[in-house]
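Position 1 is the first residue of the sequence, and the numbers go up from there. Atom set for the values below is all heavy atoms of this structure, side chains included, hydrogens, waters and symmetry mates excluded.
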Amino acid sequence: MTTQTTTQTPDPRKESLIEYPSKFPIKVMGDDVEGFVHAVTTVAERFDPTFDASTIELRNSKGGKYLGVTITINATSREQLDNIYRALTSHPMVKVVL
């Protein structure tokens with residue numbers, strides 16, 4: 001008697017700790033220079049057409065050299081989050097993305 005085993009492809013939605021769609025904050029840090037907030041906003045809008053710029057939170061570093069920008073996007077998939085993280089981390093004005 002032979003037994004067949006079937007392998008199921010794991011459902012990536014079940015492996016994620018994030019439920020989609022959901023509001024997802026992303027903190028982006030860079031030098032506090034003109035155009036930095038606009039650059040971050042442009043990336044957010046590219047991956048989330050419903051992005052609301054009025055939800056942006058800004059925080060200056062203690063010494064004032066750096067600026068933390070928190071954007072909250074409407075996360076719809078793991079792929080979307082991966083793409084926005086890639087775009088932000090590869091942007092020349094961005095130092096860190098959390």
Side-chain angles (χ1 to χ4, degrees):
M1 182 166 148
T2 60
T3 346
Q4 276 187 326
T5 51
T6 57
T7 354
Q8 289 184 332
T9 306
D11 184 349
R13 292 172 296 180
K14 291 181 181 175
E15 292 180 7
S16 176
L17 299 176
I18 302 167
E19 277 191 42
Y20 300 104
S22 68
K23 296 294 181 191
F24 192 85
I26 301 171
K27 181 173 258 184
V28 185
M29 289 169 269
D31 290 326
D32 188 0
V33 295
E34 188 174 330
F36 177 59
V37 176
H38 178 70
V40 172
T41 303
T42 301
V43 172
E45 290 169 340
R46 192 168 78 205
F47 292 96
D48 176 10
T50 67
F51 176 71
D52 180 4
S54 71
T55 64
I56 294 174
E57 296 174 34
L58 304 177
R59 174 173 277 167
N60 289 89
S61 66
K62 201 174 201 177
K65 180 177 176 169
Y66 301 102
L67 180 64
V69 179
T70 302
I71 55 172
T72 302
I73 64 157
N74 183 37
T76 56
S77 69
R78 173 66 188 254
E79 181 182 19
Q80 176 209 29
L81 287 176
D82 288 347
N83 289 336
I84 194 168
Y85 271 87
R86 272 190 219 95
L88 288 167
T89 56
S90 66
H91 195 284
M93 295 179 86
V94 173
K95 304 286 185 198
V96 178
V97 181
L98 303 172

- Message: Counting only heavy atoms from other residues, nucleotides and ligands, does the tally under 6.0 Å from OH of Y85 exceed 12?
- Response: yes
### Message
Whether the side chain of E45 engages the backbone of A53 through a donor-acceptor N/O pair (distance < 3.5 Å, no angle test) should be reported.
### Response
no
Per side-chain contact (heavy atoms from CB on, under 4.5 Å), K23 is matched among T72, I73, T55 by T72
The test is side chain to side chain contact (heavy atoms under 4.5 Å, CB included); show your working for N83 and R46 and say whether it passes. CA-CA 10 Å; N83 289 336; R46 192 168 78 205; over 6 Å; no
Checklist entry - Can you check whether L58 reaches L67 side chain to side chain, under 4.5 Å on heavy atoms? => result yes
Are M29 and V43 linked, directly or through other ILVMFWY residues, by side chains that come within less than 4.5 angstrom of each other?
no
#### Entry: Test side chain to side chain contact (heavy atoms under 4.5 Å, CB included) applied to F51 and I56, step by step
CA-CA 10 Å; F51 176 71; I56 294 174; 3.8 Å; yes
Worksheet item: Any side-chain heavy-atom pair from V97 and H91 closer than 4.5 angstrom?
Response: no
Any chance you could lay out the side chain to side chain contact (heavy atoms under 4.5 Å, CB included) test for R59 and T70, step after step, and finish with the verdict? CA-CA 8 Å; R59 174 173 277 167; T70 302; over 6 Å; no
Discussion item. As a quick check of understanding, evaluate side chain to side chain contact (heavy atoms under 4.5 Å, CB included) for Y20 and L81, giving each step before the final call.
Written reply: CA-CA 11 Å; Y20 300 104; L81 287 176; 3.6 Å; yes
What one should report as the nearest heavy-atom pair of F24 and A75 is CB-CB, 3.8 Å
From the list V28, L88, V33, side-chain contact (heavy atoms from CB on, under 4.5 Å) partner of M93 resolves to V33
So CD1 of I26 and CD1 of I71: to nearest 0.5 Å the spacing works out to 4.5 Å
Between the CG atom in N60 and the OH atom in Y66, the distance rounded to the nearest 0.5 Å is 13.0 Å
Closest non-hydrogen atoms of I84 and A44, given as atom of the first, atom of the second and distance, are CD1-CA, 4.0 Å
Verify same cluster id: V96, V37 (apolar side-chain graph, 4.5 Å) = no
